[in-house]
Amino acid sequence: MNWLHKQLGDTYLMGKRFPIRFDLLAETIFPVCRSQILAMQIRQDMWRLLQNLRGFLPAVEVRASEFSMHVRAGGQLTCSIHVVSAQLKLQDMLENPVYRQRWINFATLRRGASL
């Protein structure tokens with residue numbers, strides 16, 4: 001199954017299935033950067049972290065505002081799992097300074113780039 005992408009105004013969506021549903025959800029804020037690159041980097045690391053969850057359909061939503069990027073990461077669960085522990089893992093990943101710096105480095109606006 002391929003990854004699906006949608007740009008809806010100031011919101012960029014990436015997921016395995018549309019419409020996106022967040023049964024598993026973690027959120028964070030980033031400085032302004034390229035939403036597609038940020039979503040792709042988060043999606044890759046989220047997939048590595050949670051790939052053993054049966055029935056997990058990952059999704060990332062990046063909503064741009066004037067001063068920040070609001071990220072929702074998680075996705076749909078088609079099987080029952082212990083959601084709380086998976087959410088804690090995902091939130092820890094989103095708040096990990098090493099991951100955050102790498103994602104920001106990839107997604108920082110370069111001269112001539114657009115959001």
Side-chain angles (χ1 to χ4, degrees):
M1 182 186 282
N2 291 327
W3 290 94
L4 304 171
H5 309 264
K6 279 189 184 178
Q7 182 74 47
L8 301 171
D10 62 354
T11 302
Y12 178 76
L13 303 166
M14 175 184 282
K16 288 296 249 180
R17 181 185 292 171
F18 280 95
I20 287 177
R21 193 172 90 199
F22 288 101
D23 300 325
L24 173 64
L25 175 66
E27 300 178 89
T28 192
I29 303 292
F30 281 90
V32 174
C33 57
R34 295 178 291 178
S35 58
Q36 291 178 339
I37 303 298
L38 181 61
M40 182 179 64
Q41 293 294 309
I42 291 171
R43 189 261 314 158
Q44 287 174 344
D45 288 323
M46 178 175 56
W47 182 249
R48 287 181 192 117
L49 179 70
L50 301 174
Q51 66 184 330
N52 293 328
L53 287 181
R54 287 182 47 124
F56 178 55
L57 300 171
V60 178
E61 174 187 282
V62 180
R63 190 170 5 106
S65 71
E66 189 175 349
F67 302 109
S68 65
M69 308 297 276
H70 181 256
V71 173
R72 297 173 67 199
Q76 182 177 350
L77 299 170
T78 60
C79 297
S80 63
I81 64 156
H82 192 259
V83 174
V84 175
S85 70
Q87 273 184 286
L88 288 173
K89 283 183 185 178
L90 184 54
Q91 191 66 50
D92 286 345
M93 184 195 80
L94 287 179
E95 300 302 330
N96 183 304
V98 174
Y99 283 125
R100 291 180 67 86
Q101 189 59 56
R102 183 167 48 84
W103 298 334
I104 290 169
N105 288 345
F106 273 102
T108 298
L109 290 173
R110 307 278 189 238
R111 189 182 317 206
S114 64
L115 290 175

To the nearest 0.5 Å, tell me how far [X] [atom1] sits from [Y] [atom2].
{"X": "Leu13", "Y": "Gln7", "atom1": "CG", "atom2": "CD", "result": "8.0 Å"}
{"X": "Gln44", "Y": "Trp103", "atom1": "CD", "atom2": "CH2", "result": "10.5 Å"}
{"X": "Met69", "Y": "Glu61", "atom1": "CE", "atom2": "CD", "result": "11.0 Å"}
{"X": "Tyr12", "Y": "Gln36", "atom1": "OH", "atom2": "CD", "result": "4.5 Å"}
{"X": "Asp45", "Y": "Leu50", "atom1": "CG", "atom2": "CG", "result": "10.5 Å"}
{"X": "Asn105", "Y": "Ile37", "atom1": "CG", "atom2": "CD1", "result": "13.0 Å"}

Expected output: side-chain [X] to main-chain [Y] donor-acceptor under 3.5 Å:
{"X": "Gln87", "Y": "Leu24", "result": "no"}
{"X": "Arg72", "Y": "Ala26", "result": "no"}
{"X": "Gln91", "Y": "Glu27", "result": "yes"}
{"X": "Arg100", "Y": "Phe30", "result": "no"}

Under a 4.5 Å cut-off applied to non-hydrogen side-chain atoms, are [X] and [Y] in contact?
{"X": "Lys6", "Y": "Thr11", "result": "no"}
{"X": "Arg17", "Y": "Leu4", "result": "no"}
{"X": "Ile104", "Y": "Pro31", "result": "yes"}
{"X": "Met40", "Y": "Phe106", "result": "no"}
{"X": "His70", "Y": "Ser65", "result": "no"}
{"X": "Met46", "Y": "Val60", "result": "yes"}

Compare every heavy atom of [Y] with every heavy atom of [X], then report the nearest pair and how far apart it is.
{"X": "Met93", "Y": "Ile42", "value": "CE-O, 4.0 Å"}
{"X": "Trp47", "Y": "Pro58", "value": "CE3-CG, 3.2 Å"}
{"X": "Cys33", "Y": "Leu38", "value": "SG-CD2, 3.7 Å"}
{"X": "Leu90", "Y": "Gly74", "value": "CD2-CA, 3.6 Å"}

Can you list everything that forms a side-chain hydrogen bond (donor to acceptor under 3.5 Å, both in side chains) with Gln41? Sequence neighbours excluded, please.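 Arg102.
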Answer yes or no: is there an ion pair linking Lys89 with Asp92, defined by an N-O contact shorter than 4.0 Å?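 Salt bridge flag = no for Asp92 with Lys89.
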Identify whether [X] and [Y] are in the same connected component of the hydrophobic contact network (ILVMFWY, side-chain heavy atoms under 4.5 Å).
{"X": "Leu49", "Y": "Leu77", "result": "yes"}
{"X": "Ile29", "Y": "Val98", "result": "no"}
{"X": "Tyr99", "Y": "Val71", "result": "yes"}

Using the rule given for side-chain contact (heavy atoms from CB on, under 4.5 Å), can you reason through Lys16 versus Trp3, listing the C-alpha separation, both sets of side-chain angles and the distance that settles it, and then say yes or no? CA-CA 5 Å; Lys16 288 296 249 180; Trp3 290 94; 3.7 Å; yes
Phe56: what forms a ring pair (Phe, Tyr, Trp, His ring centres under 6.0 Å) with it, not counting sequence neighbours?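 Ring pair (Phe, Tyr, Trp, His ring centres under 6.0 Å) list for Phe56, sorted by chain: empty.
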